[in-house]
Amino acid sequence: MLEYQVAPDALKGKTILVTGAGDGIGRAAALAYAAHGATVILLGRTVKKLEAVYDEIEAAGFPKPAIVPLDMKGATEQNYRDMAETIEEQFGHLDGVLHNASVLGVLGPFEHIDLVSLEEVMKVNVTAQAMMTKHLLKVLRKAPLASVVFTSSGVGRTGRAYWGPYSFSKFATEGMMQVLAHECDGTSVRANTINPGATRTKMRANAYPGEDPQTLKTAEELMPLYVYLMADNSKDQNGQAFSAQ
Ligand code: NDP
């Protein structure tokens, strides 16, 4: 991860939106971005968790964050239109988005795929991210340089038995990033994916209930890549699939 080291104030003056900022990797990223000087917009569905992250950022003396309570499962296009307008009014532009929030859905054999769970996974992991990005592009284009980072997975790069809709949704994430990156080529906006790899979070524990979490990397350990992709050091990276481990 040494190649991803950036200056301690590499994100100073930047405004960055993080989805699923209340827990797991999103929480660690929000704290890492704030520690590097960014004003972080904390988006998530559980307000209590977002408030806890807000308090941690404030207590550390980092730039004052903002909270956007939103359940991406029920969100409509209007929610994203309104959100982009509010960001434009309050901040003028947006320097980065970390699409981190995702749901695992139900793992199991193909014959057991449940329509309700499939539709939820695709809504949160794909549709919501596409509509959010669609409306945020206007404010991202107002930044001198802007970075859109999507979160993939090992099963979004190679299919694996029993990973069902979660795996398809992560392939769609890679595709969405590639389409956006191609459209943004040569502009001030760039798009990339990160596969965090096995990380000590609730989602991982749900997917692998028998595993000892102590054998896994913590979210904090992955942060050099997460910070690098938001910093101007990565301005020439576009359309790339990164791995944090
Ligand atoms: P967690 O389940 O720990 O955290 C996910 C976050 O997303 C939570 O804050 C959760 O909110 C939020 N979220 C879920 N659904 C919604 C929704 N409908 N609306 C708004 N927010 C929502 O997961 P991880 O931190 O482990 O995962 C982060 C990302 O990394 C995901 O995209 C995941 O697919 C990916 N990943 C993780 C790996 C791992 O080993 N952990 C490996 C490969 C990829 P709440 O806290 O309220 O539930």
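First listed ligand is number 1; within each ligand, the first listed atom is number 1.
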Exercise. Could you find the nearest protein heavy atom to atom 42 (C) of ligand 1 and give me its residue, atom name and distance?
Key: Gly197 O, 3.4 Å

Quiz item: Taking N or O atoms only and a 3.5 Å limit, does Ala21 qualify as a polar contact for ligand 1?
Solution: no

Self-check item: Heavy-atom gap Leu70 to ligand 1 smaller than 4.0 Å
Solution: yes

Quiz prompt | Residue, atom name and distance, where the atom is the protein heavy atom closest to atom 44 (C) of ligand 1 | solution = Ser152 O, 3.2 Å

Quiz prompt | Minimum heavy-atom distance Ala28-Glu220, with the two atoms named | solution = CB-OE2, 3.9 Å

Self-check item: Electrostatic pair Arg81-Glu77, nearest N-O below 4.0 angstrom
Solution: yes

Quiz item: When you measure from atom 23 (O) of ligand 1 to every protein heavy atom, which one gives the shortest distance, and what is it?
Solution: Met203 CB, 3.4 Å

Quiz item: What are the atoms of ligand 1, with element, lying closer than 4.0 Å to any heavy atom of Tyr166?
Solution: 33 (C), 34 (O), 35 (C), 36 (N), 44 (C)

Quiz item: What protein heavy atom is closest to atom 5 (C) of ligand 1, reported as residue, atom name and distance in Å?
Solution: Ser102 O, 4.2 Å

Practice problem: Would you please determine whether Lys170 falls within less than 4.0 Å of ligand 1 on a heavy-atom basis? | Solution: yes

Exercise. Determine whether more than 12 heavy atoms belonging to other residues, nucleotides or ligands lie under 6.0 Å from atom OH of Tyr162.
Key: no

Quiz item: Side chain or backbone of Val124 under 4.0 Å from ligand 1, or both, or neither, by non-hydrogen atoms?
Solution: side chain

Practice problem: Establish whether Tyr80 and Phe150 are linked, either directly or via other cluster members, by ILVMFWY side-chain heavy-atom contacts under 4.5 Å. | Solution: yes

Self-check item: By side-chain contact (heavy atoms from CB on, under 4.5 Å) - contacts of Glu111 (at least two apart)
Solution: Pro109

Self-check item: Nearest non-hydrogen partners of Leu94 and Ala143, listed with the distance
Solution: O-CB, 3.3 Å

Practice problem: With heavy atoms under 4.0 Å as the rule, classify the contact between Lys49 and ligand 1 as side chain, backbone, both or neither. | Solution: side chain

Quiz item: Against heavy atoms of Thr46, which atoms of ligand 1 measure under 4.0 Å?
Solution: 45 (P), 47 (O)

Self-check item: Donor on one side chain, acceptor on other, Ser234 and Arg190, under 3.5 Å
Solution: yes

Practice problem: If the plane angle is over 60° it's perpendicular, under 30° parallel, otherwise tilted; pick one for Phe242 and Tyr228. | Solution: perpendicular

Quiz prompt | atom 8 (C) of ligand 1 - nearest protein heavy atom and its distance | solution = Asp23 CB, 4.0 Å

Quiz item: Can you check whether Leu43 has an N/O within less than 3.5 Å of an N/O in ligand 1?
Solution: no

Quiz item: Applying a 4.0 Å heavy-atom criterion (strictly less than), which segment of Pro196 is in contact with ligand 1: side chain, backbone, both, or neither?
Solution: side chain

Quiz item: Can you tell me the protein heavy atom closest to atom 30 (O) of ligand 1 and the distance?
Solution: Thr151 CG2, 3.3 Å

Quiz item: Quick one: are Ile25 and Tyr226 in side-chain contact, heavy atoms under 4.5 Å?
Solution: yes

Exercise. Output yes when the distance from some N or O of ligand 1 to some N or O of Ser153 is under 3.5 Å, and no in every other case.
Key: no

Quiz prompt | Note: Lys14-Asp232 ion pair, threshold 4.0 Å (strictly below) | solution = yes

Quiz item: Where does Val103 meet ligand 1, judged by heavy-atom distances below 4.0 Å: at the side chain, the backbone, both, or neither?
Solution: side chain

Self-check item: Ligand-residue contact atoms, ligand 1 with Ala198, heavy atoms, under 4.0 Å
Solution: 40 (O)

Self-check item: Gly24: numbered ligand 1 atoms lying under 4.0 Å from its heavy atoms
Solution: 3 (O), 25 (O)

Quiz item: So is Asn195 polar-close to ligand 1, meaning N/O to N/O under 3.5 Å?
Solution: no

Self-check item: Side chain, backbone, both or neither: the part of Arg200 lying under 4.0 Å from ligand 1 by heavy atom
Solution: neither

Self-check item: Shortest protein heavy-atom distance from atom 28 (C) of ligand 1, along with the residue and atom involved
Solution: Asn100 OD1, 3.0 Å

Quiz item: In ligand 1, which numbered atoms sit nearer than 4.0 Å to a non-hydrogen atom of Ala101?
Solution: 7 (O), 12 (C), 13 (N), 21 (N), 22 (C)

Quiz item: Can you name the closest pair of heavy atoms from Trp163 and Ala207 and give their distance?
Solution: CH2-CB, 3.8 Å

Quiz item: Between Glu120 and Val103, which heavy-atom pair has the shortest distance, and what is it?
Solution: OE2-CG1, 4.1 Å

Quiz item: For Arg200, does its backbone N or O pair with a side-chain atom of Gln214 as donor and acceptor, under 3.5 Å?
Solution: no

Exercise. Among all protein heavy atoms, pick out the one at the shortest distance from atom 12 (C) of ligand 1; state its residue, atom name and that distance to 0.1 Å.
Key: Gly20 CA, 3.7 Å

Quiz prompt | Over 12 foreign heavy atoms within 6.0 Å of NZ, Lys123 | solution = yes

